Protein chains: 2
Amino acid sequence: MEIMIDVDQVANLAQVSRATVSRAFTRPDLVNAKTRERVLEIANQLGYQPNQLASALRRGQSQSIGLIISDVLNPGNAMLVKGVQDAAAKRDYTVFMFNTDEDSDKERKALESLRSHMPQGLIIMPTAGAQENLSLVGNLPVIELDRASGIKGAHTVMVDNTGGSRIAVQHLTKLGHKRIGMVAGSLDISTAVERHAGYQQALAEAGIPYQANLVQIGNHREDGGRLAAQNLLSRPASERPTALFVGNNEMTIGAIFAARDLGLRIPEDLSIVGFDDSRWAKLLQPSITVVAQPAYELAYLACETLLDRLERGRTQKPIQIRLATNFIQRFSTAAPIEEEREKKKEKR
Amino acid sequence: MEIMIDVDQVANLAQVSRATVSRAFTRPDLVNAKTRERVLEIANQLGYQPNQLASALRRGQSQSIGLIISDVLNPGNAMLVKGVQDAAAKRDYTVFMFNTDEDSDKERKALESLRSHMPQGLIIMPTAGAQENLSLVGNLPVIELDRASGIKGAHTVMVDNTGGSRIAVQHLTKLGHKRIGMVAGSLDISTAVERHAGYQQALAEAGIPYQANLVQIGNHREDGGRLAAQNLLSRPASERPTALFVGNNEMTIGAIFAARDLGLRIPEDLSIVGFDDSRWAKLLQPSITVVAQPAYELAYLACETLLDRLERGRTQKPIQIRLATNFIQRFSTAAPIEEEREKKKEKR
DNA sequence: GTGAAAGCGCTAACAA
DNA sequence: TTGTTAGCGCTTTCAC
């Protein structure tokens, strides 16, 4: 990297002082138009760009934000990353990204590491331990993305999980399903709690009593979803749910495998609705009915909100944004087979 | 971020000079064991962490590397990101990630931005314009990941695209296919060229003449793959390929849609092999035969290689690593239907 | 509108 | 083994 040009080189060529060059970049209004143009012109020719490190050190903060997210491998999260990156790039902020893999320790390390890079703000998809961890970064402006840490007064940008789930389960009740199972996420994550609440609401609205044993908790991944669904689906036909609402996309895959293992046809023997859309949901035959989330927009908005807040100053009240989900009906749901017919089938 | 502790605070409490504190962290061997422990202990209590910015500025380089990749949304690329991140985190490097979206301009901007953060090295998945762009970062140690920019003497970490493709197409020739189409990527990307070469080799080995009109170029995305496959598959049955080798995963989706649109059954009417494995390839029915790439390992290795090079000093010869691909036979390929039977079918 | 000078937090000579 | 000192490249008072 020997080719770094510094302020002084520009200053010399432009016959001005360091300070003027600096101002030409950071406070253009404070410098004479002609001088400014000359400086910028020369800087451009030389390929000069202010050293972010020095600048950040001097100003006490860098033109950057942190992004802490659980796992880029989940395509939904990749969308979030992209949204944040794009919004940040548009306004010339650099993003420091860290993965937690849902591990609070990694989250803490990420925060420590981040801190020493002096970001101006942070967008975080909090782990269960975030309440504690976030004290590490003092009063750094933070926006919680996708889910809430539980810190009161926190700024959050999330989707309407409860409403989205409610609509999904309503769809199932309207089709005539009575035994609707749910594969839920771990209940120390706000999204899982909210999606579960939506499930309960829809059931209540349809006058179907809530049965705790129809709800199984999974670990948010394929294997967890598979296990949970297996548990639900391997019951005798009279107890087995005729429909399944699955709380996230990885677990939906697991549930599909579980259904296949048990020889259950979708949607004839089992209706499935997943939360979060994906490539394979569209591609599978039958394609899977889902509650889609505007992940990219959510992340983009979160980033813009953060940057606005940084540039326009603090807001008084906590920002709490909820974006609507989008119910996409495909072909993985159908009316349940009548009990009668089902019984006959079993007698055979 | 008022809570940043600095060297002086630690130094005061530990009754030593700033320099000693600094040394305790960066050259522990140069400081008396007892002093070091005391310093570290106090630093720990205070939650002190050296400011990366100041440190980097002073040393002329930061404990970080750049990662420039085309698009995190492609799950294959997400794997690469994860691999690099994990390898970097393990050795306490921070990763600056930028997306190019295959756009050389964005790549240039990313490099400019990166430069001013003084990374120690760079891992890049080069765009077509990388040869030119990379001059921006002077002699920064660079490793090209997944594909080659074409700069001679460059360090590269890639998979054996040619070999992988050859095996895939061999599989098809062995099944008895004679008219094997290829949906290839844009030929200004090294991977596309190599995969095309593998296709040609396998054909030659089977004594099947290469027909340029059986190769269609797509834009690396679903729509491009769909268009290219449509072109190939909408020909009359006697000219239509009985098998398709598709050069990347997004385009494979497009090809599958094209086949469905035309009512072609997989694998009865059309065998498909894709390059790059994915979630949906396993999940689809029939599941798709693919050439899988060890993306995570590739990226992890690239990062380790870079860091080794940084820490152990320059190597003389360019590093050029090729990892083997893994052919996964699933259920999207079968022997072609005999011409005779096919003809009869058409007469009906 | 511009320049001189101080200093962000750290590390690396150099001295002791 | 430790301390003193200078300075990385930049921005920002404070003068002029």
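Fair warning: this is a prediction, and the values are worked out from it, not measured in the lab. A note on names: the letters A, B, ... follow the listed sequences, proteins ahead of strands, and every chain is numbered from 1.
Taking CD1 from Ile321(A) and CE from Met158(A), the interatomic distance works out to 10.5 Å, rounded to the nearest 0.5 Å.
There is a side-chain donor-acceptor pair under 3.5 Å between His117(A) and Thr94(B).
Dashed line: the shortest gap from a side-chain N or O of Thr20(B) to OP1 or OP2 of dG3(D) is under 4.0 Å. Between dT2(C) and Thr35(A), a contact under 4.0 Å exists linking OP1 or OP2 to a side-chain N or O.
One atom, CZ of Arg115(B), and another, P of dG9(D), lie 14 Å apart when rounded to the nearest Å. Rounded to an integer number of Å, the gap from NZ of Lys34(A) to C1' of dT2(C) is 17 Å. Rounded to a whole Å, the CG atom of Leu30(A) is 10 Å from the P atom of dT12(D). Between Gln15(A) atom CD and dG3(C) atom C1' the separation is 14 Å, expressed in whole Å. Nucleotide dC10(D) holds its C1' atom 14 Å from the CD atom of Gln9(A), rounded to whole Å.
The main-chain N or O of Ile319(B) is found under 3.5 Å from a side-chain atom of His155(B) such that the two form a donor-acceptor pair.
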Listed pairs, N/O of protein and of nucleotides 6-10 of chain C, under 3.5 Å:
{"unit_1": "dG7(C)", "atom_1": "N2", "unit_2": "Arg58(A)", "atom_2": "NH1", "d": "3.2"}
{"unit_1": "dC8(C)", "atom_1": "O2", "unit_2": "Arg58(A)", "atom_2": "N", "d": "3.3"}
{"unit_1": "dG9(C)", "atom_1": "N2", "unit_2": "Ala54(B)", "atom_2": "O", "d": "3.2"}
{"unit_1": "dC10(C)", "atom_1": "OP1", "unit_2": "Tyr48(B)", "atom_2": "OH", "d": "2.9"}
{"unit_1": "dC10(C)", "atom_1": "OP1", "unit_2": "Asn51(B)", "atom_2": "N", "d": "3.1"}
{"unit_1": "dC10(C)", "atom_1": "OP2", "unit_2": "Val7(B)", "atom_2": "N", "d": "2.5"}
{"unit_1": "dC10(C)", "atom_1": "N4", "unit_2": "Arg18(B)", "atom_2": "NH2", "d": "2.9"}

Set out, line by line, the N/O atom pairs under 3.5 Å between protein and nucleotides 13-16 of chain C.
none

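The aromatic rings of Phe96(B) and Phe96(A) lie tilted to each other, with the angle between the two planes from 30° to 60°.
Other residues, nucleotides and ligands place no more than 12 heavy atoms under 6.0 Å from the CD atom of Glu132(A). Arg221(B) CZ: 12 or fewer foreign heavy atoms inside a 6.0 Å radius.
When each of Lys106(A), Lys109(A), Glu107(A) is checked for a side-chain hydrogen bond (donor to acceptor under 3.5 Å, both in side chains) with Asn133(A), only Glu107(A) meets the rule.
The shortest distance between side-chain heavy atoms of Val39(B) and Val10(B) falls below 4.5 Å.
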